[in-house]
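Starting off with a structure, shown below.
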Amino acid sequence: ETMTPEELEHQRRNQEILGRLTAPMAGMEYEELSIGAMPAAWTRLKAPHGDRRVILYCHGGGYTSGNLGYSRLAPEHHYPAAVEDAMRAWDYLMYQGYGAENVTVAGDSAGGNLALVLCRRLKAAGRRMPRALLLMSPWTDMTMSGASYRERVESDPMLTPEYIEAVR
């Protein structure tokens, strides 16, 4: 069963509220920017430690909701829009002078999937890979055909079969 437009709007509102409640910005600076038509944001320590390292964070939300507005999300913007955006963000960091060895790519849920896909694209293009890859409850099986969807349903705090069925 897929989400109705009303259910999608409800999910987006709830995720936005949850994000505000669970992500205090104490000691951090937050600055929104646009990379082409893609909304993005810098989140920096107010008292930086001096290293020139960065985390490229791909947010979760089933590709249908998440941070920084909804102008580039499904169903309005379907595959490969998110992958193109991730590559655009990677290229932006490279143009800002960050070397691949100074970038950690991270993501949760659908963002974990997006982080993996970005690394596969970089590798296929013969480009340098990030320093590290951090995946939190990554959504790696769009078909839900893997045995873990049945056998380990209680182990994953984020991805339930019902949620995946609704957003995929």
Side-chain angles (χ1 to χ4, degrees), residues 8-140 142 156-159 163 167:
L8 178 59
E9 182 59 34
H10 181 73
Q11 175 193 332
R12 287 176 175 176
R13 273 195 317 272
N14 285 345
Q15 188 159 15
E16 195 171 314
I17 291 167
L18 182 63
R20 278 191 246 127
L21 293 174
T22 60
M25 295 296 289
M28 305 292 285
E29 294 176 344
Y30 181 83
E31 174 191 352
E32 291 190 12
L33 70 142
S34 292
I35 302 173
M38 180 182 67
W42 281 109
T43 304
R44 298 183 183 95
L45 294 170
K46 286 184 180 172
H49 52 70
D51 284 346
R52 187 151 167 80
R53 298 211 172 136
V54 66
I55 297 171
L56 172 55
Y57 192 82
C58 303
H59 69 75
Y63 289 107
T64 61
S65 60
N67 302 0
L68 299 168
Y70 306 112
S71 61
R72 299 286 297 162
L73 296 173
E76 296 88 351
H77 296 271
H78 52 80
Y79 179 86
V83 179
E84 292 167 351
D85 286 347
M87 188 63 82
R88 186 175 295 116
W90 177 268
D91 288 342
Y92 175 81
L93 292 174
M94 297 303 104
Y95 292 134
Q96 294 299 309
Y98 292 95
E101 68 279 4
N102 295 321
V103 179
T104 294
V105 177
D108 66 286
S109 189
N113 175 273
L114 186 55
L116 284 170
V117 173
L118 170 62
C119 289
R120 287 193 61 179
R121 290 261 174 122
L122 291 170
K123 185 175 183 177
R127 295 181 64 180
R128 298 198 50 201
M129 300 298 286
R131 175 184 197 91
L133 183 60
L134 175 63
L135 307 175
M136 294 163 280
S137 205
W139 181 14
T140 58
M142 296 287 173
D156 193 320
M158 298 176 68
L159 296 177
Y163 174 74
V167 297

Nearest 0.5 Å, please: how far is SG in Cys58 from CG in Leu134?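 These two atoms lie 11.0 Å from each other.
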Please determine whether side-chain contact (heavy atoms from CB on, under 4.5 Å) holds for the pair Thr43 and Glu29, giving the CA-CA distance in whole Å, both sets of side-chain angles, and the decisive distance to 0.1 Å. CA-CA 6 Å; Thr43 304; Glu29 294 176 344; over 6 Å; no
Taking atom CD1 of Ile55 as the centre, report whether more than 12 heavy atoms of other residues, nucleotides or ligands fall under 6.0 Å from it. no
What pairs with Arg128 under salt bridge (charged side-chain N to carboxylate O under 4.0 Å, His left out), at least two apart in sequence or on another chain?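 For Arg128, the residues satisfying salt bridge (charged side-chain N to carboxylate O under 4.0 Å, His left out) (neighbours in sequence not counted) are Glu101.
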Of all residues at least two apart in sequence or in a different chain, which pass the side chain to side chain contact (heavy atoms under 4.5 Å, CB included) check with Leu133? Val105, Ala115, Leu116, Cys119, Leu135
Contact summary for Pro130 and Val103, nearest pair of heavy atoms: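 Where Pro130 meets Val103 most closely, the heavy atoms are CB-O, 3.2 Å.
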Applying side chain to side chain donor-acceptor pair (under 3.5 Å), name anything that partners Arg121, two or more places apart in sequence or on another chain. Tyr79
Are Leu45 and Met28 close enough that some pair of their side-chain heavy atoms sits under 4.5 Å apart? yes
Donor-acceptor pairs are to be reported for all side-chain atoms of residues 88-96 against protein atoms at under 3.5 Å, with residues two or more places apart or in another chain.
residue	atom	partner	partner atom	Å
Arg88	NH1	Asp85	OD1	2.5
Asp91	OD1	Arg127	NH1	2.9
Asp91	OD1	Arg127	NH2	2.8

Check whether Asp108 reaches the backbone of Met136 with its side chain - one donor and one acceptor, N or O, closer than 3.5 Å.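 Absent.
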Any side-chain heavy-atom pair of Val83 and Leu118 under 4.5 Å: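 A side-chain contact under 4.5 Å is absent here.
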With a distance cut-off below 6.0 Å to the six-membered ring centre and an angular limit of 45° from the axis, does Arg52 pair with Tyr98 as a cation-pi contact? yes
Are the side chains of Met38 and Glu84 in contact, using a 4.5 Å heavy-atom criterion?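 Not in contact.
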